[in-house]
Amino acid sequence: MTKFSELGLSELTLKSVLKMGFEEATPIQAGTIPVSLEGRDVIGQAQTGTGKTAAFGIPLIEKIDVNNPNIQGVIIAPTRELAIQVSEELYKLGYHKRARVLSVYGGADIGRQIRSLKKNPQIVVGTPGRLLDHINRRTLKLKDVHTLILDEADEMLNMGFIEDIESILSNIPETKQTLLFSATMPDPIRRIAERFMTNPEIIKVKAKEMTVENIEQFFVKAAEREKFDILARLLDTQSPELAIIFGRTKRRVDELARALNIRGYAAEGIHGDLTQARRMTVLKKFKEGKIDVLVATDVAARGLDISGVTHVYNYDIPQDPESYVHRIGRTGRAGKQGMAMTFVTPREMGYLRIVENTTKKRMSPLKPPSADEAVEVQQKLALEKIREQLAEGNVQDYLPFAQQLISEEDPAQVVAAVIKLMTKEPDQTPVDITPEDNLPMKRFNKGNGGGGRGGDRNRRGGDRKGSGKPYNKGGRGGRDSRDGDRKRRQGEGGGRKPRSNSYSS
Ligand SMILES: Nc1ncnc2c1ncn2[C@@H]1O[C@H](COP(=O)(O)OP(=O)(O)OP(=O)(O)O)[C@@H](O)[C@H]1O
Ligand SMILES: [Mg+2]
């Protein structure tokens with residue numbers, strides 16, 4: 001175990017790190033911080049929730065010259081919410097040093113961002129589209145940038161952001177240091193990444209499995225039409241503190257959120273077609289526990305660090321193993337426990353095996369609870385609440401009513417009625433969820449997923465222009481648009497990408 005005090009950090013940075021409550025460096029931090037401080041290019045790979053943000057953030061803060069008012073570090077992240085979160089963490093890491101950090105992302109007032117840029121931030125965290133927009137408007141001056149960081153690098157290269165990233169890169173001095181981090185780094189993507197790095201050191205935290213051990217992983221085999229009732233029962237029996245439910249498409253997310261509301265759950269959806277204001281409100285409510293179920297597309301799969309997420313449900317099995325790793329990684333962070341449940345239709349079992357082969361971890365079959373079991377758990381929860389209230393006392397104001405009821409009725413009947421009122425009974429209100437097709441049967445041979453992405457109903461064919469380069473054939477046009485402010489371009493939308501299922505760990 002390495003303590004932060006042993007990493008040779010400056011006093012001010014160390015003070016900020018300790019103020020954040022970090023004492024011991026996680027393995028990826030201990031592995032990459034010294035190499036990054038030497039100025040080497042680094043590719044860092046470690047499991048979800050193991051502190052990659054500080055792993056790249058600390059060396060960057062160390063390298064900021066606070067007497068230089070110009071931008072010195074640029075961090076690119078695939079989604080707006082992640083850009084905001086990363087900028088907040090960098091702000092904390094640079095708190096005592098007084099490093100100035102700004103986030104820029106689509107869907108927000110560009111005029112205000114331009115005014116903020118004039119206040120001389122030293123670190124800018126942004127989504128690719130908006131960063132490029134600022135470069136084109138000449139509102140982002142990059143001549144003093146010495147560090148470029150790509151968080152979730154594989155995702156951005158995979159998504160068709162490669163052109164944007166190359167354009168951003170061409171505006172940054174060649175002498176810069178480049179750092180790339182992700183929990184997943186498929187070989188073909190890593191090779192692309194290495195193209196724009198100089199002799200990078202690859203630091204991979206060795207782990208038996210690609211997912212963290214403290215997430216219990218289950219699969220639920222169910223027909224498409226059964227999924228929703230099973231989900232509701234699972235929510236009732238597992239009583240998550242906070243849960244994220246991932247759906248395949250935006251329509252799916254909207255329908256699930258609505259259906260959950262109808263059945264009495266405090267749920268809201270988030271996806272790339274919502275306004276940025278709406279996305280932020282929903283996320284804030286979730287973080288504050290005002291809603292306890294967040295329904296999301298993969299827009300929320302990468303990087304988001306929300307404490308209290310105890311359960312992740314994959315209502316639809318993800319199409320890539322990488323997506324699975326990141327989705328379930330929203331729980332079980334920083335050493336906490338988590339549970340992940342993945343629904344799979346009988347015909348999609350092949351996908352489940354591909355995921356397992358990649359993560360090197362088997363999911364256990366989970367028998368869906370029956371309606372009776374779900375009620376029983378809810379009744380027990382009601383009892384528990386009553387016992388807690390009794391232990392707390394402070395019920396004298398209610399005693400006269402209690403005495404009145406008991407004088408009129410059989411006491412057992414009275415208590416039974418109270419428990420019934422407090423029990424969330426199974427709600428059979430019909431809900432409307434459009435069935436999704438099974439993912440297409442996959443033909444795959446060793447090391448190559450090879451399958452199409454035909455199952456995605458929401459494909460936006462022309463999302464991004466293909467560049468003719470490998471891995472950029474329309475990117476993930478079919479998936480959620482991460483940086484939704486970008487102009488839709490004309491172009492091929494094949495969405496096929498060669499994919500590797502083999503990892504060298
Ligand atoms: N050294 C540390 N000691 C204790 N907690 C830490 C330490 N480093 C980071 N954390 C906390 O761990 C959590 C996860 O960190 P972070 O979001 O950086 O993970 P990550 O590796 O980037 O995950 P992902 O792959 O999902 O992006 C955060 O809440 C962070 O504050
Ligand atoms: Mg991260």
Side-chain angles (χ1 to χ4, degrees), residues 216-240 243-271 292-298 300-301 309-320 323-324 327-328 330-331 339-356 363-375 377-378 424 426-442 453-458 479-480:
E216 277 188 277
Q217 299 178 45
F218 299 94
F219 73 88
V220 184
K221 200 164 158 184
E224 172 69 22
R225 68 191 144 68
E226 301 168 331
K227 285 184 188 176
F228 187 78
D229 283 327
I230 297 176
L231 172 71
R233 282 182 212 151
L234 284 173
L235 287 171
D236 290 346
T237 50
Q238 299 182 331
S239 323
I244 304 183
I245 300 170
F246 284 103
R248 193 179 295 160
T249 62
K250 296 164 191 165
R251 177 179 66 187
R252 184 69 130 186
V253 165
D254 287 336
E255 290 183 351
L256 277 175
R258 205 174 313 128
L260 285 165
N261 286 329
I262 289 173
R263 294 272 183 98
Y265 301 91
E268 286 192 44
I270 187 169
H271 58 64
D292 36 40
V293 180
L294 180 72
V295 191
T297 56
D298 276 307
V309 176
T310 49
H311 292 69
V312 169
Y313 300 89
N314 287 314
Y315 194 80
D316 301 302
I317 186 165
Q319 311 186 46
D320 318 72
S323 165
Y324 175 82
R327 282 180 178 189
I328 73 160
R330 295 320 97 208
T331 184
M339 261 178 116
M341 273 61 54
T342 298
F343 286 94
V344 57
T345 62
R347 291 188 55 186
E348 291 171 334
M349 285 303 284
Y351 276 86
L352 191 85
R353 299 300 168 218
I354 295 174
V355 170
E356 289 181 331
M363 296 175 222
S364 317
L366 183 73
K367 193 173 141 287
S370 67
D372 287 347
E373 283 165 330
V375 184
V377 173
Q378 291 301 310
K424 187 178 173 304
D427 183 343
Q428 296 302 336
T429 318
V431 295
D432 202 10
I433 294 179
T434 315
E436 285 272 336
D437 289 343
N438 287 306
L439 286 178
M441 293 292 273
K442 263 198 171 178
R453 310 177 69 86
D456 195 331
R457 304 284 202 75
N458 240 12
R479 299 225 333 218
D480 199 62

Could you tell me if the side chain of Pro240 sits less than 4.5 Å from the side chain of Leu235, heavy atoms only? yes

Looking only at the side chains, is there a donor atom on one of Gln238 and Tyr313 sitting less than 3.5 Å from an acceptor on the other? yes

Check: Gln319 main-chain N/O paired with Tyr324 side-chain donor or acceptor under 3.5 Å: no

If we ignore hydrogens and angles and just use 3.5 Å, is the side chain of Tyr351 paired with the main-chain N or O of Pro440 as donor and acceptor? yes

Could you check whether any side-chain N or O of Glu216 sits under 3.5 Å from a backbone N or O of Met339, counting only pairs where one atom can act as donor and the other as acceptor? no

Any side-chain heavy-atom pair of Arg263 and Asp229 under 4.5 Å: yes

Any heavy-atom pair between the side chains of Phe218 and Pro365 that's under 4.5 Å? no

Identify the heavy atoms of Leu439 and Pro318 that sit nearest to each other, and give their distance. CD1-O, 4.2 Å

Treating Arg330 as the side-chain partner and Ala301 as the backbone partner, does any N or O pair qualify as donor plus acceptor under 3.5 Å? yes

Counting only N and O atoms by type, is there a donor-acceptor contact under 3.5 Å from the side chain of Lys227 to the main-chain atoms of Phe343? no

Electrostatic pair Arg258-Asp432, nearest N-O below 4.0 angstrom: no

Among Arg252, Arg251, Lys250, side chain to side chain contact (heavy atoms under 4.5 Å, CB included) partner for His271: Lys250

Side-chain donor-acceptor pair present, Thr237, Glu373, cut-off under 3.5 Å: no

Does any non-hydrogen side-chain atom of Val220 lie less than 4.5 Å from one of Thr342? no

Does any donor atom in the side chain of Asp427 or Thr429 lie under 3.5 Å from an acceptor atom in the other side chain? yes

Are any non-hydrogen side-chain atoms of Phe246 and Val312 less than 4.5 angstrom apart? yes

Does one side chain, of Ser364 or Gln217, offer a donor that lies under 3.5 Å from an acceptor on the other? no

Can you tell me if Glu255 uses its side chain to pair, donor with acceptor, with the backbone of Thr434 under 3.5 Å? yes

Close side-chain approach of Val293 to Leu260, heavy-atom, < 4.5 Å: yes

For Pro430 against Ile262, the heavy-atom pair lying closest together: O-CG2, 4.5 Å

For Pro369, does its backbone N or O pair with a side-chain atom of Arg233 as donor and acceptor, under 3.5 Å? yes

Between Glu224 (side chain) and Thr345 (backbone), is there a donor-acceptor pair under 3.5 Å? no

Taking the side chain as everything from C-beta on, heavy atoms only, tell me whether Leu256 gets closer than 4.5 Å to Ile433. yes

Counterpart residues, side-chain hydrogen bond (donor to acceptor under 3.5 Å, both in side chains), relative to Glu226 (two or more places apart): none

Can you check whether Val309's main-chain N or O pairs, donor with acceptor, with Thr331's side chain at less than 3.5 Å? yes

Without hydrogens or angle criteria, can the side chains of Tyr265 and Lys424 be said to hold a donor-acceptor pair below 3.5 Å? yes

Give a yes or no on whether a salt bridge exists between Glu348 and Arg248, defined as a side-chain N under 4.0 angstrom from a carboxylate O. yes

Smallest separation among heavy atoms of Glu268 and Ala257, with atom names: C-CB, 4.1 Å

